[in-house]
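Below: one structure, written as structure tokens.
Side chains are part of it too, since the values below use all heavy atoms of this structure and drop only hydrogens, waters and symmetry mates. The residues of the chain are indexed from 1 along the displayed sequence.
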Amino acid sequence: MYLALYRKYRPRTFDDVISQEHITTTLRNQIISGQIAHAYLFTGTRGTGKTSCAKIMAKAVNCLSPVNGSPCGHCDSCRAISEGSTDIIEIDAASNNGVDSIRQIRDEVIYTPIDCKYKVYIIDEVHMLTGAAFNALLKTLEEPPEHVIFILATTEYYKVPATILSRCQQFLFSKIDPGKSALRLSDIAEKEGIKLTADAAALISRLSDGAMRDALSLLDQCISSGGEINEEAVRRCSGSADSGYLFAVSEAAIKKAPSQAIEVLDKLINNGKDLSRFIEELTLHYRNLMLAKSVGTALIKASDGDIKKYSQQCDGYSLEEIMHHIDLISDSLDNINRMKQTGQARLLTEQLLIRLTVPGLSDYPAALAARLGALEIKMDNMSKGIIKERVVHSAASAGEKYASDEEDMLPGLRPGTNPGESQEERQTAPSSDIIISAEDHGTAPDKSGSSGTDTVYEEPGEIPLPLPPVTGIDDSENFTAAADINPVGEYTAETGSLSAPPLNIADNNTDGSAYDAAVCETDFELPDNVPILPQWNDIISALPSSSGRLLKKSTAYLYGGKIYVSASTSAKTVLENKIKAAALREKAAEIMGESLDIFLLRERSVSEEKKEDKITPFLDRAREMGIEVTLKDR
């Protein structure tokens, strides 16, 4: 008679048990030290080694010469147990769950073992016992005879009464690691003389969902199909869908193409794929998309090629869309399983795919949030190309407007030119795609067109950082930016000009391109009575509605040719987005008629708040009440 692989290759020692080292190490140490408990509870999902470890433990506690805590397998006790000793009693609580079965155990425990040192009771699926049976087991489980050990196993420990749990040492079995499972499958296939590809072994491990018994059963089924076992053979035997079908369905959802999704389903059905398995795999597929979108691909168990596809495809979804699609699939799964008997499973699956690809069919809040998320992604993609002008500051005077025309640019800053170039060289040079490096912002070129440092040309599409306003210095040979003359950003009596605080280029972007960077925070403190910018609500209308709502509660001020924003923590996340920051600058230039940079006012620290004048309001209040207060110097 043929022996199934999961029975033939059942672990014989603790060394054979994989992915449960945290449990086998403890059990080994108890065997070696002789500190053996009277009751154990093994919990975990199916096929993780609970019953196997219970049988190994029963053998190890009775072994006459254990090897590193594992049974030797050769002594009289080990051979007797292998042949079916009456001292090792296995009970299936699913079929022997009544109080009479437990009373029989209670009556038998008083008798000493015949072949072994310990009489071991292994009760599988113990959660199936009735309440009366659990009550009958309590006293015996708490104080059994010295020659009796109980090992309880269950997949649903939460159904076991707390009174039973408190009397046992509990061991939680984790799911089998897919990598270790694949290695074990390859080893067994080699022993059986079967050709098993690495991709097929990995796929069997993923389909078994951490259950080694399920993996061996599927391998057994694939062996029966004959020939080399590759990925296609595994999918054919398991009835699972190829990952290409799953990506095709999610791609159809991105494109809002229901016909494309229905065509995929039709191919699956014609190839004999099980609809329930397809829906389960589609759920896992969207789970992987959710992880790729939110936390990255580190937790995704898939091939390298599929992981790359997940990283690419999640860009076409908003997180709200993915979550909504998972809800739709989960809600449909039970109905599809139930309707398989009536032949309506295909209809419900088609209905599900149409709902995934036509978001307008649902008016639930989750569906509306998903549609808004998709719209926001489209707007973000559209806004990537909104900035086309290149803005530089003219060196004529501090009050002159920023100019984007080539004729108004400073010498050496025209597109495609370097300081000192001839007219012919400038005509043959490229006419766009330049950027000024950070070191060039400290000084301006002289009248002859030469400069102390060379202009650096970097990646296309960047936008030069506008120079700070120039204070009243006529010596063009020593041209100095306002940031060097007046770093505090206050009124300068000598020149009669009001300068804004300097821009810290390092805080903005490594290449100094402020108009292609996020909004920077600044420690600058605005003077009192700075007017609020009334056009701020019009400026933030350039953003998607969800981002605009976050900025509506912020306050903006216009000072020194720059916009300063006081915003909440949640609104800062919007300003830290480069694309949205660029959209705000573009809208501000459109409304205000000039290009204005935007800064985020940093919140004052506690130490600064303590410096506020609290004495004056106290004195004023005292005088109103007719109380004279005299201050004395300490």
Cationic N near anionic O, under 4.0 Å, [X] to [Y]:
X	Y	answer
Lys293	Glu321	no
Asp76	Arg79	yes
Arg184	Asp177	no
Lys267	Glu263	no

Within 6.0 angstrom of [X] [atom1], more than 12 heavy atoms from elsewhere:
X	atom1	answer
Glu108	CD	yes
His22	NE2	yes
Phe171	CZ	yes
Tyr40	OH	yes

Please tell me whether [X] and [Y] have a donor and an acceptor in their side chains that are separated by less than 3.5 angstrom.
X	Y	value
Lys59	Ser82	yes
Thr155	Arg46	no
Asp187	Tyr9	no

Check: [Y] main-chain N/O paired with [X] side-chain donor or acceptor under 3.5 Å:
X	Y	answer
Ser77	Leu64	no
Asn96	Ile91	no
Glu156	His127	no
Ser547	Val574	no
Asn29	Thr25	yes

Minimum heavy-atom separation for [X] to [Y], with atom names?
X	Y	result
His38	Arg167	NE2-O, 3.7 Å
Ile300	Asn288	CD1-O, 3.3 Å
Ile229	Ile194	CD1-CG2, 3.6 Å

- Could you tell me how the ring of His285 sits relative to the ring of Phe247: parallel (under 30°), tilted (30 to 60°) or perpendicular (over 60°)? perpendicular

- Message: Is there a side-chain contact between Leu348 and Ser332 in this structure, where contact means two heavy atoms from C-beta onward sitting under 4.5 Å apart?
- Response: no

- Message: Consider side chain to side chain contact (heavy atoms under 4.5 Å, CB included). Of Ile151, Thr154, Leu172, Leu152, which one does Phe42 pass it with?
- Response: Ile151

- Item | Sole residue of Val120, Asn62, Thr24, Leu27 in side chain to side chain contact (heavy atoms under 4.5 Å, CB included) with Met57 | Leu27

